[in-house]
J.: 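The following block contains the structure, expressed as structure tokens.
The figures that follow rest on heavy atoms only: side chains count, while hydrogens, waters and symmetry mates do not. Bear in mind that the values here come from a model prediction, so they are computed numbers and not experimental data. Chain letters run A, B, ... following the sequence lines, proteins first, then strands; residues in each count from 1.
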Protein chains: 2
Amino acid sequence: MKEWEEQFRAFLRGRGLTFTPERRAVLEEIFAEHGHFDVETLHDRLRSRGSRISIATIYRLIPLLTESGMIRPATLRDGHPTYEHLFGHRPHHHLTCVRCGKVVEFRQEEIEKILDKICGRHGFSPFDYRLGVRGVCAACRKEETG
Amino acid sequence: MKEWEEQFRAFLRGRGLTFTPERRAVLEEIFAEHGHFDVETLHDRLRSRGSRISIATIYRLIPLLTESGMIRPATLRDGHPTYEHLFGHRPHHHLTCVRCGKVVEFRQEEIEKILDKICGRHGFSPFDYRLGVRGVCAACRKEETG
DNA sequence: TTGCGATTGTTAATCATTCTCAATATAAGG
DNA sequence: CCTTATATTGAGAATGATTAACAATCGCAA
Ligand SMILES: [Mn+2]
Ligand SMILES: [Mn+2]
Ligand SMILES: [Zn+2]
Ligand SMILES: [Zn+2]
């Protein structure tokens, strides 16, 4: 059994909830590929694999997946949230190209150290850093100028 | 005339748009107090001052205010966007307490320098950094533990 | 003053998300 | 195996914030 499945089952058990086929299918699909997804895309992907799952079920699952640490909100895409699987991945941040939508992930511990200091100075206990940089990627800039 | 009004008028003129009483009222209200506001709150504030302005007009104004540099999106509050006035203020970042909603603003040029380097490494031209830290403030933590 | 595009308020439409509800599935106990 | 009490699901209705349509005004330039 995949370790994320094990952890999610444990989470559900702890809440008196059950690990159903639908929940298994969603979990599998989330870890099937790396990248940012929104609810509708996830639903489409499941359907195209033959699942008859309802989109309402996926909406209902999002909070459970988040609270269990399976996924986290990633960025906003046209105003609605996208998510990414979290289990087994170090936290990271995002550069987003506002033209083509390309997303580059990067990791920077130095920044987090600085932020920890700032939080301490204000008496804050941080548990989540969200660092979004919006800009224009090299390809789009070339297209723009050229 | 307030300098932001002057700048907003210039922006509108450049687009062949007009500076109306409604637009003046909204602009005044935005600079009347410091803090993060959402569209509904702004509408309420205007109404409570006797204005009969429609909320649709405010929604229509948001893009113009953003593009002219009068405001910028700040953070999400319960899923919908909040804004803050920008003119005359240095960019800054936010610590948000997830319990009480308190927001602390801070400025950190060191981080921006690091991010510039990272962007350069990936060929990105950044034009906006959004740094959100979520955590628990001192007061809420005391309440929690105590 | 006239003419024309911009602006506004009202109202209807959109659209993602949430809710309702009746039908099933699940797990535990007998 | 049955039984029963909950949890879960899918379908479709409801919600609520945001946008769009539209007819009535407004503001500015000729
Ligand atoms: Mn990511
Ligand atoms: Mn702020
Ligand atoms: Zn690009
Ligand atoms: Zn607090």
Side-chain angles (χ1 to χ4, degrees), chain A residues 5 8-29 36-68 70-71 73-83, chain B residues 1 5 8-30 36-68 70-71 73-83:
Chain A
E5 181 177 324
F8 190 47
R9 289 175 96 121
F11 168 84
L12 291 173
R13 206 176 315 121
R15 294 221 184 172
L17 305 177
T18 50
F19 188 70
T20 64
E22 289 81 7
R23 288 173 180 171
R24 178 202 297 274
V26 170
L27 196 62
E28 296 263 310
E29 189 58 48
H36 298 179
F37 58 88
D38 58 19
V39 169
E40 196 188 339
T41 308
L42 185 56
H43 185 233
D44 289 347
R45 275 165 52 189
L46 283 157
R47 292 241 146 187
S48 74
R49 296 199 185 196
S51 169
R52 301 181 164 285
I53 193 170
S54 154
I55 199 166
T57 296
I58 299 178
Y59 275 113
R60 284 189 277 240
L61 210 36
I62 293 289
L64 295 176
L65 291 165
T66 303
E67 287 159 32
S68 64
M70 298 292 111
I71 65 175
T75 58
L76 291 183
R77 195 152 65 198
D78 314 317
H80 32 42
T82 70
Y83 306 89
Chain B
M1 193 192 300
E5 182 178 324
F8 190 48
R9 288 175 96 121
F11 168 84
L12 292 173
R13 207 176 314 123
R15 294 221 183 169
L17 305 177
T18 51
F19 188 71
T20 65
E22 288 82 6
R23 286 173 182 173
R24 178 203 296 273
V26 170
L27 197 61
E28 296 264 311
E29 190 58 48
I30 283 172
H36 298 178
F37 58 88
D38 59 18
V39 168
E40 197 187 338
T41 308
L42 185 55
H43 185 231
D44 289 345
R45 275 164 53 189
L46 283 157
R47 293 239 145 188
S48 74
R49 296 200 185 197
S51 169
R52 303 183 162 283
I53 193 168
S54 155
I55 199 167
T57 298
I58 300 178
Y59 274 114
R60 284 188 279 240
L61 253 180
I62 294 289
L64 295 176
L65 291 165
T66 304
E67 288 160 31
S68 63
M70 297 292 108
I71 64 173
T75 58
L76 291 183
R77 197 153 63 198
D78 314 316
H80 25 16
T82 70
Y83 305 90

J.: B:Val26 vs B:Leu65, test: side-chain contact (heavy atoms from CB on, under 4.5 Å). Steps then yes/no.
T.: CA-CA 10 Å; B:Val26 170; B:Leu65 291 165; 4.1 Å; yes
J.: Just how far, in rounded Å, is P of C:dA27 from CZ of A:Phe19?
T.: 11 Å
J.: Starting at CG of A:Asp78 and ending at P of C:dT17, how long is that distance when rounded to a whole Å?
T.: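 Taking atom P of C:dT17 as the reference, CG of A:Asp78 is at 12 Å.
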J.: Grab the CG-P distance between B:Leu61 and C:dG9 for me, whole Å please.
T.: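 Those two atoms, CG and P, are 10 Å apart.
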J.: Report yes if the side chains of A:Asp38 and A:Arg77 come closer than 4.5 Å at any heavy-atom pair, otherwise no.
T.: yes
J.: Assuming nearest nucleotide by heavy-atom distance, tell me which of B:Glu40 and B:Pro21 is located more 5' along DNA chain D.
T.: B:Glu40
J.: Quick one: does B:Arg15's side chain get under 4.5 Å of B:Glu67's, heavy atoms only?
T.: yes
J.: Could you state the CZ-C1' distance from B:Arg13 to C:dA6, rounded to the nearest angstrom?
T.: 16 Å
J.: State, with a plain yes or no, whether a side-chain heavy atom of A:Arg23 is found less than 4.5 Å away from one of A:Leu64.
T.: yes
J.: Calculate the interatomic distance between B:Arg24 atom CZ and C:dT7 atom P; express it in whole Å.
T.: 15 Å
J.: How many Å lie between CZ on A:Arg15 and P on D:dT8, as a whole number?
T.: 11 Å
J.: I'd like to check B:Thr41 versus B:Arg45 (side-chain heavy atoms, cut-off strictly below 4.5 Å). Are they in contact?
T.: yes
J.: What contact category does B:Arg23 fall into here, base, sugar-phosphate, or nothing, at under 4.0 angstrom with non-hydrogen atoms?
T.: sugar-phosphate
J.: Map B:Ile55 and A:Thr18 onto DNA chain D by nearest heavy atom, then report which one ends up closer to the 5' terminus.
T.: A:Thr18
J.: If you look at every strand shown and take non-hydrogen atoms under 4.0 Å, does B:Ile53 touch a base, only sugar-phosphate, or nothing?
T.: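 Counting heavy atoms under 4.0 Å across all strands, the contact made by B:Ile53 is with sugar-phosphate only.
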J.: When you match A:Pro81 and B:Ala56 each to their closest nucleotide on DNA chain C, which lands nearer the 5' end?
T.: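 Looking at DNA chain C, the more 5' nearest nucleotide goes with B:Ala56.
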J.: What's the CZ-P distance between A:Arg60 and D:dG12, to the nearest Å?
T.: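 Spelled out: CZ on A:Arg60 to P on D:dG12 is 14 Å.
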J.: Assign B:Glu22 to base, sugar-phosphate, or nothing according to its heavy-atom contacts below 4.0 angstrom with the strands shown.
T.: sugar-phosphate
J.: Give a yes/no on whether any side-chain N or O of B:Thr20 is located under 4.0 angstrom from OP1 or OP2 of C:dT8.
T.: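 True: B:Thr20 side-chain N/O within range (under 4.0 Å) of C:dT8 OP1/OP2.
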J.: Starting at CG of B:Leu12 and ending at C1' of C:dG5, how long is that distance when rounded to a whole Å?
T.: 15 Å
J.: Can you find a side chain N or O atom of A:Tyr59 that sits less than 4.0 Å from OP1 or OP2 on C:dT17?
T.: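 Yes, such a contact exists.
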J.: Contact class for B:Arg52 (heavy atom, under 4.0 Å): base, sugar-phosphate, or nothing?
T.: sugar-phosphate
